[in-house]
Number of protein chains: 2
Amino acid sequence: MQNRPAALTMDAVYTKPGYLFRRMQQIAVAIFMEECREFDLTPVQYAALVAIQTHPGIDATRLSAVIAFDRSTLGSVIERLQAKGLIERAASAEDRRVKLLTITKAGAALLRDIVPAVERAQARMLQPLKAADRKTLMTLLSQLVDLNNEASRVPLRAEDALEHLGRAG
Amino acid sequence: MQNRPAALTMDAVYTKPGYLFRRMQQIAVAIFMEECREFDLTPVQYAALVAIQTHPGIDATRLSAVIAFDRSTLGSVIERLQAKGLIERAASAEDRRVKLLTITKAGAALLRDIVPAVERAQARMLQPLKAADRKTLMTLLSQLVDLNNEASRVPLRAEDALEHLGRAG
DNA sequence: GCGAGATTGTCAGTATACTGTCAATCTAGA
DNA sequence: TCTAGATTGACAGTATACTGACAATCTCGC
């Protein structure tokens, strides 16, 4: 009897970290979009815009490392930000393959205006938990993401890891 | 001076729950796909397959409630599972709008074979944390997903909430 | 200075996700 | 019974994501 595998129930899905991470991501995006509706900016576009403002003249490949988004995916994100007039692309003088990204005045203004809505969204995601539990969750999640960094296709390479890199890494 | 907003740094992204949930979801999918490579099944397809086996004759709308996936998205997922011969669709005798889903022998066999790989993947996601921290994280995440259930477009409606529903809810 | 190998941006293909819409169909109330 | 409203599956449109490929370009060893 002990060799008979347990019957498969939905708990084979519900209690698994993979399922919970997916659900939480869906919920987080929904809350973000709701709070930021008037700004017409997605979470990914927001992260890219912050990174471009923080690193003026960054190229797409480095941007992908700084926010840990796939380079392929980033192409269309950049295109949309440019179409909205929030960023500009200029050819690099040193490397003709590279296109440098900078934020426009409109982009900087949008970023300034959207921050309160983003803060509200982030707060709402954790709001159902007690303050102490929020802190615990964030600490553990930060650790886990950091320790699993290499498991994703595009590991995060924070800005300090890029600073001393030459144009060709 | 205290009214001057702090300069925007990447911490405006890195330390936010929304960003961490996205990264963790990316990492979780990457690990799942790696462990389950030989079975050619995505996390979403796995969840759908488990739900169809657990609820033989379920329709697409209820399936979407049981795994909390969007009904629109589920259409193509079902199509792919059917194309692989893992599930079957049959018209309902009672309601001509409805198509009932059942798992095939091939689907059940795949599910039986893939379980160890899924278990390995789920374990790997949390592996970098200490055992006690894993438990804490899962507990808090379960609570948070549950308490935020209504915030997503498709809230989870577990099977017991569906059992006593008539065909038209 | 030249060619092997790496890098950059781009693209095609596949797979989630969500919004909004639609025709076919069903249910329930007047 | 007849119809207003709800439901179902499907679809179009947009936006992430990842794989794998490619031409243009750059770097570095020789």
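Order of the sequence lines sets the chain letters (A, B, ...), proteins ahead of strands, with each chain counted from 1. Here the structure is a predicted model, which means the values were calculated and not measured.
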Under 4.0 Å between a side-chain N/O of [X] and OP1 or OP2 of [N], yes or no?
X: Gln45(A); N: dT16(D); result: yes
X: Arg80(A); N: dT14(D); result: no
X: Thr61(B); N: dG9(D); result: yes
X: Thr73(B); N: dA15(C); result: no

#### Entry: Gln122(A) side chain vs Gly18(B) backbone, donor-acceptor pair below 3.5 Å
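Checking the backbone N and O of Gly18(B) against the side chain of Gln122(A), a donor-acceptor pair under 3.5 Å is found.
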### Query
Okay, side chain of Asn148(A), backbone of Ala151(A): is any donor-acceptor separation there less than 3.5 Å?
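No, Asn148(A) side chain to Ala151(A) backbone: no donor-acceptor pair under 3.5 Å.
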#### Entry: Residues Glu79(A) and Lys99(A) bridged, charged N to O under 4.0 Å
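The answer is no: the pair does not qualify as a salt bridge.
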What is the distance, to the nearest angstrom, from the [atom1] atom on [X] to the [atom2] atom on [N]?
X: Asp70(B); N: dT8(D); atom1: CG; atom2: C1'; answer: 14 Å
X: Leu63(B); N: dG9(D); atom1: CG; atom2: P; answer: 10 Å
X: Asp59(B); N: dC26(C); atom1: CG; atom2: P; answer: 13 Å
X: Phe32(A); N: dA15(D); atom1: CZ; atom2: C1'; answer: 13 Å
X: Asp95(B); N: dA6(D); atom1: CG; atom2: P; answer: 17 Å
X: Arg23(A); N: dT16(C); atom1: CZ; atom2: P; answer: 17 Å
X: Glu34(B); N: dT19(D); atom1: CD; atom2: P; answer: 10 Å
X: Leu74(B); N: dA15(C); atom1: CG; atom2: P; answer: 15 Å

What about [X]: does its side chain form a donor-acceptor pair under 3.5 Å with the base of [N]?
X: Ser72(B); N: dG20(C); answer: yes
X: Arg96(A); N: dT25(D); answer: no
X: Arg97(B); N: dT25(C); answer: yes

### Task
Would you kindly compare Val29(A) and Arg71(A) by the position of their nearest DNA chain C nucleotide and give the one closer to the 5′ end?
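The answer here is Arg71(A).
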### Nearest-nucleotide 5' precedence on DNA chain C, Asp40(B) against Ala60(A)
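Closest to the 5' end, via its nearest nucleotide, is Ala60(A).
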#### Entry: Contiguous Watson-Crick or G-U pair runs (3 or more, under 3.5 Å) in DNA chain D
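For DNA chain D the paired stretches long enough to count as stems (3 pairs minimum) are C:1-30 with D:1-30.
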### Task
Remember a base hit wins even if backbone is also touched, and classify Thr42(B) as base, sugar-phosphate or nothing at under 4.0 Å, heavy atoms.
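The residue Thr42(B) makes sugar-phosphate contact but no base contact.
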### Query
Glu79(B) near the nucleic acid: base, sugar-phosphate alone, or nothing, with a heavy-atom cut-off under 4.0 Å?
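Contact class for Glu79(B): none.
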### Message
Could you check whether Asn149(A) and Arg23(B), counting side-chain N and O atoms only, form a donor-acceptor pair closer than 3.5 Å?
### Response
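Yes - a donor-acceptor pair under 3.5 Å links their side chains.
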### Residue pair Ser76(A) / Arg80(A), side-chain donor-acceptor N/O under 3.5 Å
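Yes, side-chain donor-acceptor contact under 3.5 Å.
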### Message
Can you confirm whether or not the ring centre of Phe21(B) sits under 6.0 Å from the ring centre of Phe21(A)?
### Response
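For Phe21(B) and Phe21(A), the ring centres are not under 6.0 Å apart.
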### Task
On DNA chain D, check which nucleotide each of Val77(A) and Arg37(B) is closest to and give me the residue with the more 5' one.
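The residue mapped nearer the 5' terminus is Val77(A).
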### Message
As a test of understanding, state which of Leu20(A), Ile27(A), Leu137(A), Asp133(A) forms a side-chain contact (heavy atoms from CB on, under 4.5 Å) with Leu144(B).
### Response
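Result: among Leu20(A), Ile27(A), Leu137(A), Asp133(A), Leu137(A) is the only option passing the side-chain contact (heavy atoms from CB on, under 4.5 Å) with Leu144(B).
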### Query
If you check every side-chain atom of Ser76(A), which of dC18(C), dT16(D), dT10(C) has the closest atom?
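The closest nucleotide is dT16(D).
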### Task
Report yes if the side chains of Met10(B) and Ile67(A) come closer than 4.5 Å at any heavy-atom pair, otherwise no.
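Heavy-atom side-chain distance check passes, below 4.5 Å.
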